[in-house]
Number of protein chains: 2
Amino acid sequence: MAWKPDPILVTVDIVIFTIRERELSVLLVRRGSPPMKGLWAIPGGFVKKSESLEDAARRELHEETGVSNVYLEQLYSFGDPGRDPRGRVVTVAYFALVAEDKAPLTPGSDAADARWFRARELPALAFDHGEILDYALERLRNKLEYTTVGFQLLSEKFTLGELQGVYEAILARPLDKRNFRRKVELLGILRPTKEVRRAGRRPARLYRFAASRFEKLKDKGILFPF
Amino acid sequence: MAWKPDPILVTVDIVIFTIRERELSVLLVRRGSPPMKGLWAIPGGFVKKSESLEDAARRELHEETGVSNVYLEQLYSFGDPGRDPRGRVVTVAYFALVAEDKAPLTPGSDAADARWFRARELPALAFDHGEILDYALERLRNKLEYTTVGFQLLSEKFTLGELQGVYEAILARPLDKRNFRRKVELLGILRPTKEVRRAGRRPARLYRFAASRFEKLKDKGILFPF
DNA sequence: CCAAAAGTGTTAGGAGTACACCCATGG
DNA sequence: CCATGGGTGTACTCCTAACACTTTTGG
């Protein structure tokens, strides 16, 4: 190199989704220090020298929620000069999907002030985090239709109603129950258990996601256009 | 900030695709200096302090090929520690699509040694560029099926045979001519010109891409599953 | 007149969509 | 016995995929 490259700071930000009460929700933290103190933001932090980008994202995710072993996917990198008043900061954004039963009711540890917001009712966000969140939502909606990410938001066993609820929450539109169930059955990726969930009304059968069957389907272009 | 973030270098790398002789091709440059001197690599360079990531990618693209105003899309960011022996370097990878008639036969300006390789016959690549290229290919194939990126690889006017050739080159499989043409017609995104291309045999009508019609189709989920 | 790519129609099968009723349980 | 969500079948439409022959030109 004949010249010196400009040093740039690199962060990861993680849009953490879960389903709460049949609503798609996002974890936000309130900034406790400047810049943009008091504003809500997507959790994140600086990448350390010796960790990969994904490791950094998993570390932050764990620090904020206590969860590990969840679905995590790189989203996009945002690096406009001026997006952070502290200097030139490029952020690699990720999104994570946390099952309802794993999502801590009161998340946060180092960030004292953190809570879940319904994706429909988001506050103003710091930096360009509004843009990042919009992008994450769009990606999630798209991926729902050609992958099995939806299952990542459910616990290990779930009812068909709960599964449909996930799709409806994310797509923000009602789905036809019969068509939904027929499609799921056609795909053959669910294995019924012998248990049922009793939730007041008629008990609903519990199913388990059979990931193994899915790999073959992907090649054939069989998707999830509910 | 209570502590000092680790400084990291940020580069952009651009996978530049074109179609040459009905084959999908990629522009590579031979590294003229260490590390990995002599190996082929994806063109790229360091991001400057005051330019956005996309601006940096467009600048590098222009420096390598002389072209501007082409399709450019952010691909993924790669940042494993150790991917570059010079230190901690995060690269934001892009991919670009250059029309056959815009792609310079002998590209390169600052990189003295640059040439097009058929995507089927790639040499060993420096750093993790092999991984980046695989990822770009996968993305391109996927996008072909639900967007109109394919048209970016053709000149302004083109025959249906040439269009089909683009799809076949990227998907690496033959397509049924009648079904292909019916689908294109159904989409209604081509406008016939009054010109024909004479290439030895029966003259073929030239078409123009009518981008305006496409926006509506996207909302309806009408795609390109050839 | 021959080779080569351009151009065109039909049919059968499968997936998507719309739609209405009975069932099992808890209160 | 009633309210609530669980669970099922049918008919129509549209897209997909498979398939073969004629046309126009250059050599």
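Each chain gets a letter, A, B and so on, in the order its sequence line appears, and its residues count up from 1.
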(request) Treat primed atoms plus P, OP1 and OP2 as sugar-phosphate and everything else as base, then score nucleotides 18-27 of chain D 5' to 3': B for base contact with protein heavy atoms under 4.0 Å, S for sugar-phosphate contact only, - for none. (result) BBB--BBSS-
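- Residues satisfying the side-chain contact (heavy atoms from CB on, under 4.5 Å) criterion with B:E168, sequence neighbours excluded, are B:Q164, B:P174, B:L175.
- Scored by the ring-ring contact (aromatic ring centres under 6.0 Å, His included) test, B:Y135 finds B:Y76 as partners (sequence neighbours excluded).
- Checked against salt bridge (Lys or Arg N to Asp or Glu O under 4.0 Å), B:R202 has no partners two or more places apart in sequence or in another chain.
- The distance from atom CD of B:E162 to atom C1' of C:dA5 is 12 Å, rounded to the nearest whole Å.
- One atom, CG of A:L175, and another, P of C:dC19, lie 15 Å apart when rounded to the nearest Å.
- Remark: P of C:dT8 and CZ of B:R205 are 10 Å apart, rounded to the nearest angstrom.
- What separates CZ of A:F180 from P of C:dC19 is a distance of 20 Å, to the nearest Å.
- Heavy-atom contacts from other residues, nucleotides or ligands closer than 6.0 Å to CD of B:E21 number 12 or fewer.
- Here C:dT8 presents its P atom at 15 Å from CG of B:L186, a figure rounded to the nearest Å.
- As rounded to whole Å, 12 Å separates atom C1' of C:dG16 from atom CZ of A:R173.
- Partners of B:S25 by side-chain hydrogen bond (donor to acceptor under 3.5 Å, both in side chains), not counting sequence neighbours: none found.
- Regarding B:L190, its CG atom lies at a distance of 12 Å from the P atom of C:dG7, rounded to whole Å.
- Summarising the geometry, the separation between NZ on A:K183 and C1' on C:dA15 is reported as 7 Å, rounded to the nearest angstrom.
- Residues passing the side-chain hydrogen bond (donor to acceptor under 3.5 Å, both in side chains) test with B:E138, sequence neighbours excluded: none.
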